[in-house]
Amino acid sequence: MSSLLVDDIGELVTNEPGGEGGPLGIRRGVALLVEDGRVAWIGPSRDAPAADRRLDARGAAVLPGFVDSHAHLVFAGDRAAEFAARMAGQPYTGGGIRTTVGATRAAGDDELRATVRRLRDEALRQGTTTMEIKSGYGLTVADEARSLRIAAEVSEETTFLGAHVVPAEYADRPDDYVGLVCGPMLAAAAPHARWIDVFCERGAFDVDHARAILACGQAVGLGVRVHANQLGPGPGVQLGVELGAASVDHCTHLTDADVDALASTRVDGGHTTVATLLPGAEFSTRSPYPDARRLLDAGVTVALATDCNPGSSYTSSMPFCVALAVREMRMTPAEAVWAATAGGARALRRDDIGRLGVGALADLIVLDAPSHLHLAYRPGVPLIRQVLRNGVLQ
Ligand SMILES: [Zn+2]
C-alpha cells in the first residue's frame, strides 16, 4: 500500500458538505492523504499522518479533477474550413457531421486510436480526469462497434451514439435506419458502452424515433443521455426526463415547461436529470448561449462539458468552458467550478469522482493559482500545474 500526502494546500475545493463557499465546501490549512488511489484522510496539516511521499502544493488551490461528461473523440479529419466559413457568416446546421462520418469510415483503427489518445491526453493536461466518449461518426454496425471499442480503451464512460444523424445512404428511409440502430448496431455496440444517446433535433431524429432508440438501449441495460434543444425548441428535454435520463445536453432553447420538468427531477428518492451545458458549441457556432441562470434559479442541477468534436466545438478545455460559463452564461465562478466537477459526476451518475472526500478517487488538480476563482479570472492561461488520476501523478 503506497501513500502520498498532498500538503501546503492553500484552498481545497472538496464539493463536500461543510467548509466555505457553499457547495464547493472549501477548506484551508488542510492536507490530503492518498492511499491506493483514493482519498484516505483530510485534516489539518499539523495532524497529517506519515506517508511514503509528499506533494507540496506550495499554497496553491487543489480541486477535484474536471469531469467532462460529453465528448466526441472518435473521428478522422477536421473541419477547420467549415469553422472559418461560419465565422465569415455561414450558419451552422449540423450537416457537416456527414463529412466527418465519411472520413471516419475511411480511417484505419490506428488512426482513430491515435486521435482519441491525443485528445484524451490533451484534456488530461488541462485537468480532465474523467472524460465521457461517444461514438457517432461510424454509423454502420462495424464502425460504431470499433469506435466504442477504441473509446473503451481509454475511458469507462462510453456512449453509443449510432443515432447521431441518419447517414446519407438511409436518407430516404429513416425508419430502416432506426431499425438498424435498435437491432444489429445496438447488439454490436452494447458490450463496449455504458450509455446510449440520441441527437433529438430537427434534421436528426424526431421524438418518436428518439424514444424508440433510447428504450432499446435501456432494455439492454444502457443508461440514457440525450442531445436536446440545441438548435431550437423541441421535445428532447422532456423526453429525457420522461425516460429518467442521467443528463440532457445542450439545453439552449428551453420553454418554462422544460425547465419545470428538469427541476421536478430533484425530488428525493429518484435520480436527477442533469442539464449539461456545452458553451464551447455556442462559442464555435457563434450562437446564443443557454440561460444557465434560469436553470440554476429554478433548482436544476447543471453540469458543464466540452462537447469536444471536430465540427461544432473543437476544444478539450474544461477551464475554457468554466470561463465561458462565467462570462457568457452568468454563472458565478463557484457555480461553474462545481458544474465542471461535481455536476459532471452527477451527469454520469458517479459518486466516486467530482469530489474530494474520504473514499473518493484521488483524481485532483493542483492549480498554478491560489484560488478556484482564477479559472475564470485568468481565461486562456494554462493554470493546471499538476494532475493526479487514481492517485498517480500524470
Ligand atoms: Zn455532442
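Indexing begins at 1, ligand by ligand and atom by atom, following the structure's order. Position 1 is the first residue of the sequence, and the numbers go up from there. These values consider heavy atoms only, across backbone and side chains, with no hydrogens, waters or symmetry-generated copies.
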Peer 1: Does D172 CG have over 12 foreign heavy atoms under 6.0 Å away?
Peer 2: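 No, the 6.0 Å shell around CG holds no more than 12 heavy atoms from other groups.
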
Peer 1: May I ask you to establish whether R173 and Y170 are in a cation-pi arrangement, using a distance under 6.0 Å from NZ or CZ to the six-membered ring centre and at most 45° from the ring axis?
Peer 2: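 Yes; both conditions hold, so R173 lies above the ring face of Y170.
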
Peer 1: Report yes or no: does R389 contribute a side-chain atom to a donor-acceptor pair with the main-chain N or O of L124 at less than 3.5 Å?
Peer 2: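 Side chain of R389 to backbone of L124: no pair is present.
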
Peer 1: Assess the residue pair T276 and S247 against the criterion (side-chain hydrogen bond (donor to acceptor under 3.5 Å, both in side chains)); give the C-alpha distance rounded to whole Å, side-chain angles, the decisive distance to 0.1 Å, and a yes or no.
Peer 2: CA-CA 6 Å; T276 300; S247 179; 2.6 Å; yes

Peer 1: Report yes or no: does D307 have an N/O/S atom closer than 2.8 Å to the Zn ion (ligand 1)?
Peer 2: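 D307 does place an N, O or S atom closer than 2.8 Å to the Zn ion (ligand 1).
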
Peer 1: What atom name does the N, O or S atom of H72 nearest to the Zn ion (ligand 1) carry?
Peer 2: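 This residue's closest N, O or S atom turns out to be NE2.
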
Peer 1: NE2 (H70) to the Zn ion (ligand 1) to NE2 (H227): angle, nearest 10 degrees?
Peer 2: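 Between NE2 of H70 and NE2 of H227, at the Zn ion (ligand 1), the angle is about 90°.
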
